[in-house]
Amino acid sequence: MGREIDEHFIEEAIERYQRLDARLAEFEKAVRTAEVTVSSPDGLVEVVVTADGAIRDVTVTGDLTGRTNAELSRSIRQAVSAAADAAAWARTTLHAETFSEYRPLRRADGDR
């Protein structure tokens, strides 16, 4: 048994796709440009990361006097790890903000 073509459903689906495509472009731009700054737990190292995970800057902000190479290395690892978590958080937050209005499209007969 064939189904009738629902012109309104098709037009609405195309419009929604175009809006969704535009939002996806906004989201992709935002994850490349949104930056989050995190520090190592000891405050020695600061990392700036974008929401897509690109590290933009690493700065030693604390005093190195009396610190060993191992301590500095640990601080860098901790800051980079925190930056990865911050990037994931930023990506999730941006996604939720960008696509919050998106709802599945339903046909008049209840089908998707």
Side-chain angles (χ1 to χ4, degrees):
M1 179 170 151
R3 287 186 145 172
E4 282 187 38
I5 296 175
D6 185 342
E7 297 281 334
H8 178 72
F9 174 80
I10 292 171
E11 289 173 14
E12 186 178 345
I14 290 170
E15 289 173 10
R16 286 174 57 91
Y17 172 79
Q18 290 169 339
R19 286 192 308 269
L20 188 58
D21 194 45
R23 286 192 181 203
L24 181 58
E26 291 173 23
F27 173 72
E28 289 171 348
K29 180 180 179 185
V31 296
R32 288 189 309 272
T33 58
E35 293 182 342
V36 180
T37 302
V38 296
S39 297
S40 59
D42 61 6
L44 184 62
V45 178
E46 183 178 272
V47 175
V48 178
V49 64
T50 59
D52 67 357
I55 293 177
R56 293 284 172 95
D57 196 18
V58 176
T59 306
V60 176
T61 56
D63 184 11
L64 293 178
T65 305
R67 307 254 186 182
T68 65
N69 289 347
E71 290 172 324
L72 177 58
S73 295
R74 182 178 57 249
S75 293
I76 292 170
R77 279 192 309 277
Q78 290 172 332
V80 168
S81 177
D85 292 342
W89 170 85
R91 221 174 14 261
T92 300
T93 301
L94 287 169
H95 188 274
E97 290 172 0
T98 303
F99 297 105
S100 64
E101 295 176 15
Y102 175 73
R103 299 289 181 261
L105 184 62
R106 296 191 183 274
R107 292 172 51 141
D109 62 7
D111 287 345
R112 285 187 182 183

Heavy atoms, side chains only, cut-off 4.5 Å: are [X] and [Y] in contact?
{"X": "Asp57", "Y": "Thr37", "answer": "no"}
{"X": "Val58", "Y": "Val45", "answer": "yes"}
{"X": "Phe27", "Y": "Arg91", "answer": "yes"}

Nearest non-hydrogen partners of [X] and [Y], listed with the distance:
{"X": "Asp63", "Y": "Leu44", "answer": "O-CD1, 3.7 Å"}
{"X": "Ala86", "Y": "Val38", "answer": "CB-CG1, 3.7 Å"}
{"X": "Leu94", "Y": "Ala51", "answer": "CD1-CB, 3.9 Å"}
{"X": "Arg56", "Y": "Arg32", "answer": "NH2-O, 2.8 Å"}
{"X": "Pro41", "Y": "Gln78", "answer": "CD-OE1, 3.4 Å"}

Got more than 12 heavy atoms from elsewhere within 6.0 Å of CG, Asp21?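 Correct, the count exceeds 12.
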Does Arg19 form a side chain to side chain contact (heavy atoms under 4.5 Å, CB included) with Arg23? I'd like the steps, not just the answer. CA-CA 6 Å; Arg19 286 192 308 269; Arg23 286 192 181 203; 5.5 Å; no
Just how far is it from atom [atom1] of [X] to atom [atom2] of [Y], taken to the nearest 0.5 Å?
{"X": "Phe99", "Y": "Leu24", "atom1": "CZ", "atom2": "CG", "result": "5.0 Å"}
{"X": "His95", "Y": "Thr93", "atom1": "NE2", "atom2": "OG1", "result": "11.5 Å"}
{"X": "Asp52", "Y": "Lys29", "atom1": "CG", "atom2": "NZ", "result": "14.0 Å"}
{"X": "Ser40", "Y": "Arg77", "atom1": "OG", "atom2": "CZ", "result": "11.5 Å"}

Considering only NZ, NE, NH1 and NH2 on the basic side and carboxylate oxygens on the acidic side, decide whether Asp42 and Arg67 come within less than 4.0 Å.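 Salt bridge present between Asp42 and Arg67.
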Hey, does the side chain of Glu71 reach the backbone of Thr68 with a donor-acceptor pair shorter than 3.5 angstrom?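 Yes, the answer is positive, given that a donor and an acceptor are paired below the 3.5 Å cut-off.
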Any donor and acceptor pair, going by atom type alone, linking the side chain of Thr61 with main-chain N or O of Gly43 inside 3.5 Å?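 It does hold such a pair.
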Verify same cluster id: Ile76, Val36 (apolar side-chain graph, 4.5 Å):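 Linked, Ile76 and Val36 end up in one cluster.
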Are Val48 and Val60 linked, directly or through intermediate hydrophobic residues, by side-chain heavy-atom contacts shorter than 4.5 Å (ILVMFWY only)?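 Different clusters: Val60 never reaches Val48 through Ile, Leu, Val, Met, Phe, Trp or Tyr contacts under 4.5 Å.
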Take Ile55 and Val47 through the side chain to side chain contact (heavy atoms under 4.5 Å, CB included) test and state the conclusion after the steps. CA-CA 7 Å; Ile55 293 177; Val47 175; 3.9 Å; yes
